[in-house]
Structure formats: structure tokens, C-alpha cells
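Accompanying notes for the structure given below.
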Amino acid sequence: MLIKIFNLLTLQQWLTRLFVIFCFTTASASYAAQTNNGITSNASAPVVKDAFEWQFMVDLSLASTQIILADVEQTEPWDYFQLGLLLDISYKGFFLQSNSRRSLTAIGSGELGYQITVQENWQLDIILKAYIEGFDPAEIINNQKQNIPQLAGLNEREYTGGIALRYSHFFDNAIFYIDFANARTGKNDQKDYAYGLIIDSFYSHLVPYRNWDIYLGAGLTYYDQALVDYYIGIDADEVTINRPLHDADSGFRAQLEVYAQYPLSQSWSFNAGLTQTFYSNNIKQSPLVDKNKLTQLMIGVLYVF
Amino acid sequence: MYSSVSKGISLLVYSLYIGFISAVKADDNTTVSTKVAFSVQPQQCVTLRQGRDCFATITVHWQKLTEQSLCLYQINTKQTASQKQLICWPKSNKGQASVAFESSDNLTYQLRTLQDKQLVAEAEIVVSWVHKNTTVRRRWRLF
């Protein structure tokens with residue numbers, strides 16, 4: 001319902017930026033690889049970057065989801081169904097990866113990136129991804145059974161894309177990563193771009209139990225004031241009797257999740273997950289928001305080609 | 001009515017006969033010529049990722065026309081010395097067992113005679129996987 005199609009023009013601009021950065025990083029990475037050829041016995045020497053590999057998956061799931069916007073609920077049966085087309089591909093350090101542990105969208109969860117350096121226990125990547133989904137208030141109201149005066153006539157909010165430096169640290173059965181992203185919202189007719197910092201961190205621990213994979217995860221994300229204000233702030237031209245002027249402050253999001261996967265056959269696996277999200281209390285001061293604790297539950301099947 | 005019953009019995013006898021023939025044919029390397037029906041279910045164990053141990057409970061069933069003392073062995077063909085005797089049935093014409101399967105490799109189950117360990121029948125459990133073991137180290141989350 002809230003899924004936005006990328007603004008292709010904006011995406012193209014981001015891709016151009018990424019390409020330029022890739023050119024620089026590829027050159028330096030190549031040099032680094034050459035200089036390290038002579039010290040392969042060194043335990044800290046880089047390990048090989050991802051070779052050409054790909055995997056295509058289709059995910060079909062039932063999901064009970066919540067969003068922070070006031071009075072917005074899943075109303076129709078098809079609101080609970082999610083179809084994800086997930087493509088993972090890597091070549092010489094470049095990668096496009098979908099999130100096969102989530103079923104929201106192929107685009108919304110995709111990451112385009114390049115491995116700057118790959119070490120035994122850690123890795124540094126440059127990432128291009130959509131960090132925040134947008135929403136179209138008119139479309140939301142259309143899909144709801146009741147009128148939502150707080151959203152009526154509100155300007156559309158576009159998605160936020162970001163280019164990030166990602167540090168990942170690998171443990172035996174766990175991974176921790178942190179993104180430092182320079183993020184920019186999309187531009188609509190009424191609002192200008194908003195720029196800001198996003199710091200997104202996540203820890204995921206794999207607990208194998210017989211044929212099950214159980215992932216226990218926790219994450220903490222910081223959103224710059226300008227970005228939060230873009231989504232839940234109320235501009236002067238948006239003020240109504242139900243929607244007073246509001247300047248939003250910066251915000252945090254904490255997440256806890258459990259995800260489990262079980263093989264059904266060589267091509268099918270069963271998956272289920274529960275995510276509990278906590279946003280900082282101040283977001284409830286916005287007239288657009290009525291909750292800062294969200295519970296999301298999904299159950300589905302994944303087909304691997 | 002009798003015609004239908006006799007047709008049914010004929011079909012059943014024929015099916016059993018074909019079943020026995022198939023069982024014998026499937027064991028071309030059987031060194032004991034006596035007919036034995038030997039089944040192992042399931043025949044495949046699926047794990048999420050290549051290289052991971054696969055877990056299953058295997059039901060082994062065998063039946064013979066004549067009594068014989070037989071033993072069930074588990075063999076990992078990738079490890080030449082890995083041959084484990086699981087259970088023996090002294091002087092019996094049938095047997096059934098549930099076996100805990102835990103392996104990342106295919107395993108072969110063999111029925112051998114108790115005294116001279118001659119091969120009577122065998123079947124293989126194939127380990128397969130959903131995801132290939134790649135070099136890519138992913139970091140996923142749900143929402």
C-alpha cells in the first residue's frame with residue numbers, strides 16, 4: 001500500500017554518483033590488491049571479493065504489518081499478501097542484493113553496492129539503497145474504510161535514498177553492520193529535497209537447530225531532523241484544523257526480531273518472522289502519528305530458482 | 001462381483017511380483033540371490049545450505065520370503081572407513097527400524113547377512129540443499 005515506485009530520474013542521478021565513486025574506489029582497490037599480492041601469508045591479507053554469483057527468488061507471504069501513521073490499518077484481504085521478487089547478484093566486488101529475510105518489495109529492500117575491502121573478519125562497502133519508504137496520503141485514504149482527516153490533502157512524501165559507507169564485522173554465526181548514509185528525500189511539487197544523515201546498525205545472530213535456521217536480530221537507527229521533519233512534519237501550506245503546524249525533531253528506531261527458515265524441498269523453503277519496532281517517543285507529537293511501537297508478523301514460502 | 005474381486009487380486013499379486021522384481025533389479029550388486037524387498041524412506045534429506053548437516057528420521061523396512069539373520073549398516077561413501085552397524089534382526093523374514101540421519105553427505109544403508117556380511121540390499125539417502133554455499137556473506141533482516 002505504501003510502496004513507492006522509484007523516481008527513475010532521481011535514481012539515475014544516484015547511480016551516476018555511485019558510478020563515479022566506483023571508478024575511484026575500483027582504482028584504489030586494484031592497487032591495494034596488487035600491493036597485497038606479495039604478502040598473502042599475512043593473516044590480515046584481504047580475502048577474495050565476491051565472484052560472479054547470482055540467485056533469483058520469489059517470496060510469497062502473509063504479513064500483518066503496522067505503520068506509524070494515524071488510523072492507517074490493513075483493511076482488505078490482499079493487504080496481507082506480499083509478493084517479493086528477489087535478485088542477488090555479485091561480480092568482482094559489485095553486488096546487487098535483495099533482502100531475502102524480508103518480503104516487502106524487491107526494490108524497497110534492494111541494495112546496490114561495491115566491496116571496497118574484504119578482510120577475514122570485516123568488510124567495508126559502499127552502498128546505494130532506499131532507506132525510508134514514502135507514502136501517498138491520497139492513496140492511503142482511498143484504501144481505508146474510514147476517512148483520515150489528518151492525512152486529507154497532505155502532500156505526498158517520496159522515498160529517501162542514500163549513499164552509505166558500510167562497515168560489517170563477521171563473527172562465527174553472527175554479523176554486525178553499521179551504515180553511515182548521506183540520505184536525500186525525493187522531491188514532490190510542494191516540498192524541496194531534504195538532506196540528512198542516517199546511521200543504521202544491525203546485529204544478527206544465527207542459531208541453527210536441526211534443519212532450521214533461526215536468526216535473532218537487533219538494530220538501532222538514527223534519522224536526521226530534516227528527514228524526520230520531511231515525513232511527519234507539517235508545513236504551513238499543509239495546516240488544517242486537524243493538522244497543526246509541526247516541526248519534527250530527529251529520531252531513533254530500535255528493532256528486535258526473530259526470523260526462522262525451514263527447507264521444504266530443494267526449491268521451496270518455509271519462513272516466518274516477527275519484528276518489534278520502537279520509534280523514539282517524540283514522533284508521536286506529530287499529528288500524523290499515533291503510535292511509535294509497531295509489531296510486524298510474516299509467514300510465507302520462498303522459491304529459489 | 002467375483003470377476004471384480006479376482007481382477008483385484010490378480011492386480012495385487014502382479015503388483016507385488018513387479019515390486020519384488022524391481023527390488024531385486026535395483027540391487028544389481030546384491031551378492032545374495034534371495035529376493036528381498038528393501039525400502040528406506042524418505043530417500044532425500046534437504047538442508048537450507050550446502051555443506052550443512054541434514055537431519056531426518058529414516059524409516060527402514062525389509063521383507064523376505066525366507067528367514068535370515070540380517071544387519072543394517074550405514075555407510076558414508078566419502079569416508080572410506082565410515083561403516084557403522086546400526087541394528088541386527090536374528091532369524092527373521094522382515095524388519096523395520098527408525099534411524100536418526102545426520103549428515104552433510106549422502107549416506108548408503110545396506111542390509112547384510114549377520115554371519116558373513118554379504119550384501120543383500122542397499123539404498124542411498126541423498127542430501128540436497130536450497131541455497132548453494134557461496135562466498136557471499138549476507139546481512140539480512142526482516143522489515
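By the 4.5 Å heavy-atom criterion applied to side chains, A:Met57 and B:His131 are counted as neighbours. When side chains are defined from C-beta on, B:Arg52 counts as touching A:Asp213, because their heavy atoms get closer than 4.5 Å. Residues B:Lys132 and A:Glu53 are not in side-chain contact: their nearest non-hydrogen atoms beyond the backbone lie 4.5 Å or more apart.
Only the side chain of B:Gln44 comes within less than 4.5 Å of a heavy atom in chain A; its backbone stays farther off. Using a 4.5 Å cut-off between heavy atoms, A:Tyr262 contacts chain B through its backbone alone, with no side-chain atom that close. Heavy atoms closer than 4.5 Å to chain B are found in both the backbone and the side chain of A:Gln266. Heavy atoms closer than 4.5 Å to chain B are found in the side chain of A:Ser269, but not in its backbone.
A distance of 14.5 Å separates CZ in B:Phe55 from CH2 in A:Trp212, rounded to the nearest 0.5 Å.
In plain terms, the two heavy atoms of B:Val130 and A:Val304 that are nearest each other are CG1-CG2, 3.5 Å. Closest non-hydrogen pair, A:Pro263 versus B:Leu48, comes out as CD-CG, 3.7 Å.
The local environment of CZ in A:Phe81 is sparse, with at most 12 non-hydrogen atoms from other residues, nucleotides or ligands closer than 6.0 Å. More than 12 heavy atoms of other residues, nucleotides or ligands lie within 6.0 Å of CZ in A:Phe305, so this atom counts as buried by the packing criterion.
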